[in-house]
Amino acid sequence: MTLRVYNTLSGKKEEFHPLSPPKVGIYACGVTVYDYCHIGHARAAVAFDVIARYLRFSGYDVTYVRNYTDIDDKIINRSNEQGVDWKDLARTFIEAHDTDMGALGVQRADVEPRATDYIDQIIGIVKTLEEKGVAYEVDGDVYFEVEKFDGYGKLSKRNIEEMQAGARIDVDERKRNPIDFALWKSSKQGEPAWDSPWGKGRPGWHIECSAMSAAILGQPLDIHGGGKDLIFPHHENEIAQSEAAGDREFVRYWMHNGFVNIDSEKMSKSLGNFFTIREVLEKYRPEVVRFFLLSTHYRSPLDFSDRALTEAETRYERFMNLFARAARAEPQDRDLTEKERASTSVLTGEIETHFRAAMDDDFNTAAAIGHLFTALGPLNAILDSADAEGRGVAAGWKKEVDAFFRKVGGVIGFFEGGIADGEAWFSAGVGGDGTLEKARAMALERVEARKNKDWAKADELRDEIGELGYAVQDTPQGPVLIPLKDA
RNA sequence: GGCGCCAUGGCCAAGUGGUAAGGCAGAGGCCUGCAAAGCCUUUAUUCCCCGGUUCGAAUCCGGGUGGCGCCUCCA
């Protein structure tokens, strides 16, 4: 099976052939660090995290680069508003970003460059563009002259005339054409500034990505991605700069993730309808949020709601329940039974094949996870019959189940601890204050009551345990305490 | 106004011309002292509407209708 990737440039799925296999270079646009990240940022980060993970899983030697834009008008404005040094502001939100994304299981990129560390390279490109006559300086600002670049509009599928017709940009008279964009901006008094051939100034918005991607990965890049909202103007402008400066193709595969919506509308800062990752994590566990984000194909819109998050939790817990049961089952030192063997060969056969086929089809995590659900029935059935017959399962069976979920989980960023994750899930955040010990003692007392068929007392004890914040499950392996939700 | 994307069961959702994955919710059954968890069965002759291409279309083409996005900072 070959990997197929939807390329925004062609508007089609294409077979993926990196420039120099097995090496693959990915550059994903990161965030501008002036505020906390919201769920939309999380979606982009998780989407490209999975893309990098799956490429590695498929045997590619991946270099994943994700930048921080740490110099920009928004950062300057915000630092002025708050009276905080812009560098401190950027540092604060880089750290917050790393914490939040880390919580969601987003792996660190191989290189995480900051725009301000690449000022020399940025100036270099701007100089080249100026020398080539596609950029011009006005009062310390340098603009890219869009009309001089033939392919302008090829990514966002629009042409210069249309844009001029529909332009509602406030016209800067100094620009030769309203659609020309800034490569370099002169600094006002007190603003962050670097020395340049055009005087003190700072980079324009788009140039940093051209500079950093070329410096780290070279040109062309295999994959460049980000949210759909970056297609225009950000990525379109990057193409213009990089191709004009480098005289060669900039990016082979452009990948863009869809938005997170609230009531079918794009979540965005300007609409004010956004939730930060931190806010969401106060209510839902990180695995649930990640599961939610991957439950729809990365290019489709994804509606954020309590209902959707709750469903993601229910779905995720199906796996946790299986894992907890499997871990609890007594491992027996014997060969696998016929049925046990059949259940695991479905895992590594049919299900894994389907899983990979889905991922090969433009990283279709929704379909891939769907196939994982089909493992639940047969596996739970094995545990059902083991319980019914009052025995355990073959140690080898547990090992295979564990290995399978670690393997596929590694691709989508779940199940790192294998079946041990189940018990960990249901015991997270409990204990410490002695209530768990109390509840355990009562559960044991309840076992006695049940032996004596004293159902009244058993139910009473269950209620009392409930008051301590736990539900009791009676399993063949004894009582299991599960923390109650919203307790 | 220009360009583009999307419309699949009560809800979410996959679906790359060959006869509708998966999940949630619901119903019934099994298991259980009762539960919980779990298992089994069950819920779209049909994919917004109308035409067309084809032996065959949810999938391709044309036209509608509805929703959304970009065109200004934005993942």
Side-chain angles (χ1 to χ4, degrees), chain A residues 4 8 11-13 28-32 34 37-48 72-74 77 153 156-159 161-170 179 205 225-234 236 256-261 264-271 274 292 295-297 299-303 305 307-308 310-315 317-318 320-322 324-325 354 357-358 361-362 364-374 376-385 387-388 426 450 453-456 458-459 462 471-475 479-480 482:
Chain A
R4 285 155 44 88
T8 308
K12 293 182 198 133
K13 285 184 199 170
C29 283
V31 294
T32 300
Y34 71 102
C37 291
H38 59 59
I39 291 297
H41 298 113
R43 185 177 195 195
V46 168
F48 284 94
D72 166 270
D73 289 358
K74 295 203 157 182
N77 293 341
S156 53
K157 318 271 192 275
R158 60 190 81 201
N159 63 56
E161 293 72 44
E162 281 165 2
M163 281 186 285
Q164 288 168 329
R168 26 187 250 244
I169 315 162
D170 50 329
I179 59 175
W205 174 34
K228 272 189 160 75
D229 45 2
L230 296 182
I231 293 172
F232 189 89
H234 187 52
E236 195 69 61
H256 294 94
N257 64 274
F259 301 133
V260 175
N261 292 160
S264 303
E265 279 195 330
K266 178 187 171 184
M267 178 185 289
S268 74
K269 297 252 169 163
S270 35
L271 287 172
F274 63 92
F292 161 72
S295 63
T296 300
H297 184 91
R299 280 190 286 115
S300 303
L302 173 60
D303 224 76
S305 67
R307 189 177 179 159
T310 302
E311 186 182 321
E313 179 175 64
T314 306
R315 280 157 52 85
E317 289 199 339
R318 297 285 319 271
M320 294 303 108
N321 271 316
L322 169 74
R325 289 187 79 190
H354 285 149
D361 185 12
D362 197 28
N364 193 335
T365 54
I369 290 171
H371 289 116
L372 257 27
F373 272 97
T374 65
L376 259 25
L379 261 22
N380 273 311
I382 296 292
L383 292 162
D384 279 352
S385 51
D387 284 351
F426 291 112
R450 294 184 68 228
K453 300 202 190 298
D454 185 351
W455 310 127
D459 289 344
R462 177 158 54 196
V472 194
Q473 285 185 12
D474 296 319
T475 76
V480 173
I482 307 277

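All chains are named by letter (A, B, ...) in the order of the sequence lines, taking the proteins before the strands, and each is independently numbered beginning at 1.
rA14(B) and rC49(B) have their C1' atoms separated by 24 Å, given to the nearest Å. Rounded to whole Å, the P atom of rG62(B) lies 25 Å from the corresponding atom of rC70(B). Using atom P as the reference point in both rA44(B) and rC6(B), the two lie 27 Å apart (nearest Å). Nucleotides rG52(B) and rU59(B) have their P atoms positioned 14 Å apart, rounded to a whole Å. Distance noted for atom P between rC61(B) and rG26(B): 40 Å (whole Å). For the C1' atoms, the distance linking rC40(B) with rC50(B) amounts to 43 Å, nearest Å. Across the P atoms, rG15(B) and rG9(B) are found 15 Å apart, a figure rounded to whole Å. Using atom C1' as the reference point in both rG66(B) and rC55(B), the two lie 34 Å apart (nearest Å).
Of the candidate nucleotides rA75(B), rC39(B), rC34(B), rA75(B) has the atom nearest to the side chain of T32(A). Closest to the R4(A) side chain, of the nucleotides rA75(B), rC39(B), rU16(B), is rU16(B). You'll find that the side chain of N364(A) is closest to rA14(B), out of rG33(B), rA14(B), rA75(B). Closest approach to the S300(A) side chain among rA75(B), rA14(B), rC39(B) is made by rA14(B) (side chain taken as heavy atoms from C-beta onward). Distances from the side chain of R462(A) to the nucleotides rG33(B), rC34(B), rA13(B) place rC34(B) closest. Among the nucleotides rA13(B), rC71(B), rA75(B), the one closest to the side chain of F232(A) is rC71(B). Considering only side-chain atoms of H297(A), the nucleotide from rC39(B), rA14(B), rC71(B) that sits closest is rA14(B). Side-chain atoms of R158(A) lie closest to rC71(B) of the nucleotides rA36(B), rA75(B), rC71(B). You'll find that the side chain of A367(A) is closest to rA14(B), out of rC70(B), rA14(B), rC34(B). Distance from the side chain of T296(A) is smallest to rA14(B) among rA75(B), rU16(B), rA14(B).
Residue contacts for G258(A): at a heavy-atom cut-off of 4.0 Å it reaches a base atom on one of the strands shown. No contact: H234(A) has no heavy atom under 4.0 Å from any strand. Residue-level contact check: N321(A) touches the backbone only, with heavy atoms under 4.0 Å from sugar-phosphate atoms and none from bases. Residue K266(A) is classed as a base contact, given a heavy-atom separation below 4.0 Å to a base. Among the heavy atoms of the strands, none lies under 4.0 Å from K269(A). S268(A) comes within contact range of at least one nucleobase, with a heavy-atom separation under 4.0 Å. Nucleic acid contact for V480(A): none, since no nucleic acid atom lies under 4.0 Å from a heavy atom of the residue. Across all strands, I231(A) comes closer than 4.0 Å to no nucleic acid atom at all (heavy-atom distances). Using a 4.0 Å heavy-atom criterion, one finds that S264(A) contacts the sugar-phosphate atoms exclusively. Residue contacts shown for R325(A) are limited to sugar-phosphate atoms, with no base heavy atom under 4.0 Å away. Heavy atoms of G40(A) sit under 4.0 angstrom from at least one base atom. Note on N380(A): only backbone sugar-phosphate atoms sit closer than 4.0 angstrom, heavy atoms only; bases stay farther off. Across all strands, N261(A) comes closer than 4.0 Å to no nucleic acid atom at all (heavy-atom distances).
A donor and an acceptor atom sit less than 3.5 Å apart, one in the side chain of D474(A) and one in the base of rC34(B). For R307(A) and rC11(B), a side-chain-to-base donor-acceptor distance below 3.5 Å is absent, hydrogens and geometry of angles not being considered. For a distance-only test at 3.5 Å, the side chain of K157(A) fails to qualify as a donor-acceptor partner of the base of rC3(B). With hydrogens and angles ignored, a donor-acceptor pair under 3.5 angstrom links the side chain of D459(A) to the base of rG33(B).
Across T296(A) and T365(A), no two heavy atoms sit closer than the pair O-OG1, 3.9 Å. The shortest non-hydrogen separation linking G227(A) to H256(A) is O-CD2, 3.4 Å. The two residues C29(A) and H234(A) make their nearest non-hydrogen contact at SG-NE2, 3.6 Å. The shortest non-hydrogen separation linking S264(A) to D303(A) is N-OD1, 2.8 Å. Contact between H41(A) and V31(A) at its shortest, heavy atoms only, is CD2-CG1, 3.6 Å.
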ask   = Stepwise, does the side-chain contact (heavy atoms from CB on, under 4.5 Å) test hold for M267(A) with F259(A)?
value = CA-CA 7 Å; M267(A) 178 185 289; F259(A) 301 133; over 6 Å; no
message = Under the criterion salt bridge (Lys or Arg N to Asp or Glu O under 4.0 Å), I'd like the reasoning laid out for D384(A) against R325(A): C-alpha separation, chi angles, the key distance, then a yes or no.
response = CA-CA 10 Å; D384(A) 279 352; R325(A) 289 187 79 190; 2.8 Å; yes
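Using modelled atom types, one side-chain atom of S385(A) and one backbone atom of A381(A) make a donor-acceptor pair closer than 3.5 Å.
Across all strands shown, rC55(B) is found opposite rG18(B) as a Watson-Crick or G-U wobble partner, with both distances under 3.5 Å. rG69(B) is paired with rC3(B) under the criterion used here, namely a Watson-Crick or G-U wobble arrangement in which both key atom distances are under 3.5 Å. Of the nucleotides present, none pairs with rG33(B) by Watson-Crick or G-U wobble criteria with both distances under 3.5 Å. Across every strand in view, rC47(B) sits unpaired, with no contact that passes the Watson-Crick or G-U test at under 3.5 angstrom. Across all strands shown, rA27(B) pairs with rU41(B); the Watson-Crick or G-U wobble distances both stay below 3.5 Å.
The CZ atom of R299(A) sits 15 Å away from the C1' atom of rA13(B) (whole-angstrom rounding). Following rounding to the nearest Å, D387(A) (CG) and rA37(B) (C1') show an atom-to-atom distance of 10 Å. Remark: P of rG67(B) and CG of L302(A) are 21 Å apart, rounded to the nearest angstrom. Here the P atom of nucleotide rC68(B) and the CE atom of M267(A) are 16 Å apart, to the nearest Å. The CH2-P distance, from W455(A) to rA36(B), rounds to 16 Å in whole Å. Distance, L376(A) CG to rA37(B) C1': 12 Å, rounded to whole Å.
The nearest heavy atom of RNA chain B to G226(A) and to I369(A) marks one nucleotide each, and the one closer to the 5' end goes with I369(A). Each of V472(A) and S156(A) has a nearest nucleotide on RNA chain B; the 5'-most of these lies closest to S156(A).
Stacking between F373(A) and rG22(B) is absent: the aromatic ring centre is not both under 5.5 angstrom from the base six-membered ring centre and within 30 degrees in plane angle.
Between the side chains of R307(A) and S305(A), no donor N or O sits under 3.5 Å from an acceptor N or O.
At least one side-chain nitrogen or oxygen of R318(A) sits closer than 4.0 Å to the OP1 or OP2 atom of rC24(B).
Because its NZ or CZ atom is both nearer than 6.0 Å to the ring centre of F274(A) and within 45° of the ring axis, K269(A) counts as a cation-pi partner of that residue.
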